Amino acid sequence: MASNSNPDPNSTEEAHKSLRHSLLGPSLLKAGQDRVNQQKVGEIIYNASKGSKFFKHEERRDEQLTKRIEGILKRKKELEALDLSVYVKKVDEQIAALEASRDLSQTIVHVDCDAFYASVEELDRPELKEVPMAVGGGVLTTCNYKAREFGVRSGMAGYIAKQLCPHLIFLPLNFEKYGQKAEEVREVLAKYDPRYEAGSCDEAFLNITKYLEEHPEMTPDTATEQIRAEVFAHAKITVSAGIAPNARLAKIASNQNKPNGQFRIQPTVDAVRTFMSTLPVRKVNGVGRVFERELQAIGINTWGDVHPLRHLLQPLFSEKLASFLLNCHLGLGRTHVHPVDEYERKSIGTESTFSDLRGPDPLRAKLRSTAVELEKDLANAELKGRTVNLKVKLHTYEVYTRQKALGRAICTAEELYNAALPLLAGLEVEFRPLRLRLMGLRMTQLVDANRGPGRLEELFKNAGTAGAGKRKRERDDEGWEVWPEEEFTQMKAASGEQEEDILLLSQHEVVDSDEEEGEETSAAAAAAAEVAVNSKNANAPEQAPEEERWPCPICTRMLPAEDALFNEHVDFCLSRETIKEAVKGSSGPPDPPEKVQQHQQQEKRPRKIYHIPLMP
DNA sequence: TTAGGAAGGACCC
DNA sequence: CCCCAGGGTCCTTCCTAA
């Protein structure tokens, strides 16, 4: 929208530019790899992906984003016409407070393995070091530096990589191997900080403050060099590291000198803020493709650019986001690290991609196999879940999820399948011929499999208390001092640092894109009902002898006082809840009359415009 | 009003 | 074999039951 404001002569050109940029991926900024003829690479990638369904989908998303950005710009314009001095003042106070909370006393190190998977493979087959090589199939998980010279990068489609680098060698993933190697690396890290925080197997945070105290002869730099050297000696793996007064900065720093190097950000306000002032926004962890574009649109390219616009952050984005931006601008971040197993897992699931799948039977077969997979994972983790989540990706790459709270924790493939089937059935009706390229199942509301509420009484007892499942992983295998959870949170509270760390962005204020096509979701519930009935003998309890009886908490019907049967019925009722509107009476089998319109009537009502809260 | 369910996304590795 | 994964976390918005 710069020069010519014509309808759409060159607009496609414009659009493709940003798209091309996004296709090029984060590598050009995130990773330190430059010096590649990015023009050429971009061209190749663009041409290679052009016309594919994936590309089409990306285009649609890109258009949406563009629209959203227009909205943001409009609001910005409106805001600038107002007198926002109060805001400036308020934000400045906020900044002062943040600044006052700054803690530069800790020395945090972020250790990051270089092209981890590829490096591990090279250990087994040294000859691979000399040639471009990548790990992964359809999508590259990672690739060695030789391959990167061709513009190949992790996260790239395999066939595109092949075009960039015809001789590229592909290796299959071998997680066993990587896991072992990661363990070797960690053995070294633990010596410097027993409470190191392992990220995803190829990276970790260490707080070496204590270590430095105990080794006065060492500096942060020499200590880190020693860590890296020792890792290399022990695991034959080269790592990069970042040293900084907080985790966020350390993470950024470790990327600064990527292949086998390290970088330190001095623990002074000056050094930190100077560093941030020229740092591209995308370099920070929570800023991805989308947010980067939004920020750039309003004139924020580096973190230094935030300051002049600081008063617009709040009204333009959400509160959380505004706070996040300020924190980054100031170069603040968390100053503690702790073992990941003091962490509660929130969900567990599995998904898989396949070629165009359609038809009731194939889809059900896939659902079944997915359920079987998930059952294994659940068993492995000794977990049950109380909410099923079905995820589906159409052949057009559009993703939809349907979830259902069950009110009871389940874990067997059979249960999973039965719980998810109605969801699938609903989708089948929503999208006439349902054509999928991906299906996934995920459980949330996890509880410990060993003492999950299997009985109804507990169910209702727990219903109120959120997050009833309080199982903690007690892997004492490490043997390190295990801090009680409370103590930990107390400390956190006491230290007064706000934990807005891994803040993730999302569509802050969708300004509304009116491109929905009202689908006829009509028969969905009907089908779901049908399935629910057919799926099992869930409607049996009716004809039971009349001895002791319990009332169903859902439909109030009296039921035989027999655990299995009773639970089964309640399950049925719970699942029926969603479609209860389809059922006229509360008695009798659900014969689907006319269906719920719930989804239809929620139209597009006028969205509330931003509002500026009145300042006192 | 509020809490929690549901759906959609952004982002990370 | 698919010619752009899979495992997770967290944030937002909408909606409804209590």
Side-chain angles (χ1 to χ4, degrees), chain A residues 23 25-26 30 45 48-49 51-55 57-58 61 64-65 68 112-113 116-117 135-142 153-163 173 175 178 199-203 251 282 284-294 317-321 324 340 343-357 373-374 377 386-393 395 397-407 423 437-438 440 442 444-445 463-464 466-467 499-510 512 577-578 598-599 601-602 605 607-608:
Chain A
L23 283 171
K30 279 287 206 230
I45 295 179
S49 43
S52 68
K53 284 182 177 176
F54 174 77
F55 185 79
H57 183 248
E58 285 303 299
R61 293 201 344 169
Q64 264 175 260
L65 215 200
R68 201 160 78 206
D112 202 312
C113 301
F116 188 54
Y117 295 173
V135 184
V139 172
L140 308 187
T141 302
T142 188
R153 49 161 225 277
S154 57
M156 188 158 82
Y159 78 99
I160 290 182
K162 204 171 291 181
Q163 294 191 34
L173 289 144
F175 289 110
Y178 313 142
S200 66
C201 112
D202 77 324
E203 62 175 332
K251 168 88 179 162
R282 185 65 183 273
V284 166
N285 217 299
V287 181
R289 187 174 60 101
V290 172
F291 199 27
E292 178 191 33
R293 266 195 67 190
E294 293 182 358
F317 302 107
S318 70
E319 173 119 25
K320 282 252 168 50
L321 228 34
F324 170 74
V340 292
Y343 215 146
E344 288 260 335
R345 192 198 313 222
K346 300 287 177 29
S347 74
I348 181 172
T350 136
E351 64 185 52
S352 61
T353 300
F354 35 77
S355 56
D356 214 325
L357 194 64
E373 274 309 303
L374 185 50
D377 294 343
R386 294 192 298 160
T387 298
V388 243
N389 192 303
L390 175 67
K391 172 180 173 181
V392 134
K393 193 187 284 181
H395 66 292
Y397 285 88
E398 288 166 295
V399 175
Y400 294 91
T401 63
R402 293 292 180 271
Q403 73 178 67
K404 180 66 192 153
L406 307 171
L423 302 180
R437 85 178 324 272
L438 164 297
R442 176 166 298 278
T444 55
Q445 304 270 299
E499 182 76 303
E500 49 77 60
D501 216 282
I502 316 162
L503 172 145
L504 296 188
L505 311 321
S506 71
Q507 78 305 21
H508 10 219
E509 266 289 35
V510 181
D512 237 11
E577 273 294 281
T578 44
Q598 13 109 288
H599 248 84
Q601 43 141 303
Q602 68 157 269
R605 74 193 45 119
R607 202 62 93 71
K608 74 155 180 272

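Because the structure is predicted, anything quoted here is derived from the model rather than measured. We name chains A, B, ... by the order of the sequence lines, and we start the count at 1 in each one.
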Practice prompt. Can you tell me the distance, in whole Å, between the CZ atom of A/Arg437 and the P atom of C/dC4?
Written response: 5 Å

Worksheet item: Base, sugar-phosphate alone, or nothing: which one does A/Gly349 contact when heavy atoms must sit under 4.0 Å apart?
Response: sugar-phosphate

Worksheet item: A/Phe55 CZ to C/dC2 C1': how many Å, rounded?
Response: 19 Å

Worksheet item: For DNA chain B, whose closest nucleotide is more 5', that of A/Leu65 or that of A/Asp202?
Response: A/Leu65

Worksheet, complete the sentence: Side-chain contact check for A/Thr401: nearest option of B/dG8, B/dC11, B/dC12 is B/dG8

Discussion item. Mind checking if A/Tyr397 touches a base, just sugar-phosphate, or nothing, with heavy atoms under 4.0 Å?
Written reply: sugar-phosphate

Worksheet item: Taking only residues two or more places apart in sequence, or in another chain, which ones meet A/Asp356 in a salt bridge (Lys or Arg N to Asp or Glu O under 4.0 Å)?
Response: A/Arg435

Worksheet item: Please give, in whole Å, the distance from C/dC3 C1' to A/Leu438 CG?
Response: 16 Å

Item to complete: Measure the distance from CZ on A/Phe324 to P on C/dC11 and round it to the nearest whole Å.
Response: 11 Å

Worksheet item: If we take the C1' atom in both C/dC2 and C/dG6, what is their distance in whole Å?
Response: 14 Å

Worksheet item: Given atom CD1 of A/Ile160 and atom C1' of C/dC3, what is their separation to the nearest angstrom?
Response: 9 Å

Item to complete: Starting from the 5' end of DNA chain B, give me the residue, A/Thr387 or A/Lys251, whose nearest nucleotide shows up first.
Response: A/Thr387

Discussion item. Students often mix this up, so state it plainly: with edges at 30° and 60°, are the rings of A/Phe175 and A/Tyr117 parallel, tilted or perpendicular?
Written reply: perpendicular

Worksheet entry | Rounded distance in Å - OH (A/Tyr159) to P (C/dC2) | 13 Å

Discussion item. Base, sugar-phosphate or nothing for A/Ser352? Non-hydrogen atoms, less than 4.0 Å.
Written reply: sugar-phosphate

Worksheet item: If you pin A/Asp377 and A/Lys53 to their nearest nucleotides in DNA chain C, which one's is more 5'?
Response: A/Lys53

Practice prompt. State whether a side-chain donor-acceptor pair under 3.5 Å links A/Ser347 with A/Arg442.
Written response: yes

Discussion item. From the set B/dA7, C/dA5, C/dG7, return the single nucleotide nearest to any side-chain atom of A/Glu351.
Written reply: C/dG7

Worksheet entry | Interatomic distance, A/Leu374 CG vs C/dG6 P [rounded to whole Å] | 15 Å

Discussion item. Without decimals, in angstroms, what is the distance between A/Phe291 CZ and C/dC11 C1'?
Written reply: 12 Å

Discussion item. In whole Å, measure the gap between the C1' atoms of C/dC3 and B/dC12 for me.
Written reply: 25 Å

Worksheet entry | With sequence neighbours excluded, residues passing side-chain contact (heavy atoms from CB on, under 4.5 Å) with A/Gln163 | A/Ile44, A/Ala48, A/Tyr159

Worksheet item: A/Asp356 near the nucleic acid: base, sugar-phosphate alone, or nothing, with a heavy-atom cut-off under 4.0 Å?
Response: nothing

Discussion item. Let's go through A/Gln403 and A/Leu423 carefully: what are the C-alpha distance in whole Å and the side-chain angles of both, what is the deciding distance for side-chain contact (heavy atoms from CB on, under 4.5 Å) to 0.1 Å, and is it a yes or a no?
Written reply: CA-CA 7 Å; A/Gln403 73 178 67; A/Leu423 302 180; 5.5 Å; no

Practice prompt. Please tell me which of A/Met156 and A/Glu319 maps to the more 5' nucleotide of DNA chain C, matching each residue to the nucleotide holding its nearest heavy atom.
Written response: A/Met156

Worksheet item: Hey, does A/Lys391 reach any base, or is it just sugar-phosphate, or nothing, if we go heavy atoms under 4.0 Å?
Response: nothing

